[in-house]
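Beneath this line is the structure, given in structure tokens, with notes to follow.
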Amino acid sequence: MILSSTTLSGLISWFARHKRAMPWRETRDPYKIWVSEILLQQTQVATVEPYYRRFIKVFPTVNALAKAPLDKVLKAWEGCGYYARARNLHKAAKQIVAQDGKLPQTSAELKKLAGIGPYTSAAIASIAFGEATPVLDGNVERVIARVTGEHGFITERTVHTNLRSVAEGWMRSAVKAGHAPGELNESLMELGALVCKPREALCDVCPLKRVCVARKTLEDVTVLPRKPEKAKTPHYDIGAAIVRKNGRILITKRPEHGMLGGLWEFPGGKLEKDESLAECVRRELREELAIDVEVGELLISVKHAYTHFRITLHCFECIHTGGELKLIHAADAKWVRPAELANYAFPKADRVVLEKLVNSHRITLLK
Ligand code: SF4
């Protein structure tokens, strides 16, 4: 499906009138656009803004980011989740500085950097450098699927190829009509976020309503795009220990590679079959750190959802009773004064545990 120049102009002027103010829309600095696109990969715009401001304040240039230790980068990212993004940003900044210190200008070159895939490279190349490459994120795919009346499962390769070729056609027409590639991409992304939403479509105010097949043919446009039923998300119980010694608390660092890599946490692990939570905590600390603990009161249980599974984190008061600490599975371990815990980057669930324990005075952490 081709869009006429009048429809494209309508879409782009709708964007000019309705786009939300965002700090990364006020800059042409490719580094800042890159940081914003990485933050936006898994996180909603409203959530991203404070993290973006904090990150740019701590690391205003690619040089500053490349020079920083990973711990500092993870601390600046703390709370935003999907920490592989921060580790990859750091790695890519080092790659850039090792070359000429400038972000590559094409999507093909950008894709060679850590953490930059087809979507992010297209977004950066089109917005920062004017490359005529369409962006196909979830918002854009939804808009195109509805406008074209695509009924195939969005997860199928052929459907994705169809949507991409429609997007490429729209991009060619937009460039021919004199619009900047980034403008078209941002207009479609914003339309998907504000008007053509997953569970609600505000068709009456949509700049594409005259050409939209879903609007003309379906009673409920939100049935598109079609997705296969999701498998049930698994749940795991995790036993963790607040181990105290001489007024300090034991924290461990996860290995750099893998989920939540490089972050600090209260030691513990997954509950095994036919095991009590207390047994789990004792076993985990022996396996991870070669120490014995006496497991006391259950202090708190916190639920948290990751993309592919959910956990309940059960934290127990523990006393170190024996064994010399060895790093068997952890990358590092420290006995930290409670007041210093704020200096370490924790995963969300551990941070919530810490905050709740402090707020409830069940345990005086900040002394
Ligand atoms: S007319 Fe409705 S369904 Fe079609 S693109 Fe606009 S908001 Fe989405």
Side-chain angles (χ1 to χ4, degrees), residues 1-22 25 36-37 40-48 118-120 122-123 126-127 132-230:
M1 173 196 263
I2 308 282
L3 290 188
S4 69
S5 60
T6 316
T7 307
L8 280 166
S9 297
L11 170 65
I12 285 164
S13 52
W14 170 87
F15 175 63
R17 287 194 308 277
H18 297 281
K19 66 180 173 188
R20 291 164 291 177
M22 297 173 194
R25 283 191 171 150
S36 73
E37 287 300 334
L40 288 164
Q41 275 175 0
Q42 309 276 359
T43 315
Q44 304 257 339
V45 167
T47 313
V48 161
Y119 158 73
T120 308
S126 64
I127 297 168
T133 305
V135 169
L136 259 96
D137 71 347
N139 282 331
V140 177
E141 283 186 340
R142 183 170 58 257
V143 171
I144 299 179
R146 289 178 183 169
V147 172
T148 59
E150 171 63 64
H151 274 68
F153 283 129
I154 195 95
T155 45
E156 280 172 19
R157 187 183 281 268
T158 48
V159 172
H160 188 78
T161 308
N162 288 347
L163 298 182
R164 171 160 294 281
S165 83
V166 171
E168 283 167 355
W170 291 4
M171 179 58 79
R172 279 192 296 276
S173 307
V175 171
K176 213 168 152 193
H179 302 294
E183 266 182 331
L184 174 66
N185 283 335
E186 286 204 87
S187 302
L188 288 168
M189 289 191 271
E190 198 75 335
L191 189 71
L194 299 181
V195 174
C196 195
K197 298 186 271 189
R199 279 177 284 277
E200 185 191 18
L202 310 173
C203 298
D204 289 346
V205 296
C206 177
L208 301 182
K209 66 182 175 188
R210 284 196 182 81
V211 295
C212 180
V213 173
R215 182 170 184 260
K216 285 181 201 160
T217 57
L218 297 173
E219 211 163 282
D220 176 11
V221 298
T222 64
V223 296
L224 297 183
R226 286 179 64 216
K227 290 178 186 163
E229 293 239 332
K230 265 194 192 164

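All ligand and atom numbering here is 1-based and tracks the order in the structure.
- Considering only residues two or more places apart in sequence or on other chains, H18 meets the ring pair (Phe, Tyr, Trp, His ring centres under 6.0 Å) condition with W14.
- A donor-acceptor pair under 3.5 Å is formed between the side chain of R226 and the backbone N or O of H151.
- For E37, there are no salt bridge (charged side-chain N to carboxylate O under 4.0 Å, His left out) partners at least two apart in sequence or on another chain.
- Every atom of ligand 1 is numbered from 1 in the order shown, and the set under 4.0 Å from a heavy atom of V147 is 5 (S).
- By the side-chain hydrogen bond (donor to acceptor under 3.5 Å, both in side chains) test, S4 pairs with T7, sequence neighbours left out.
- Between the CG atom of L184 and the CZ atom of R172 there is a distance of 12.0 Å, given to the nearest 0.5 Å.
- Protein atoms of type N, O or S found under 2.8 Å from atom 2 (Fe) of ligand 1 total 1.
- Atoms CD and CG, on E190 and L11 in that order, are 11.0 Å from each other to the nearest 0.5 Å.
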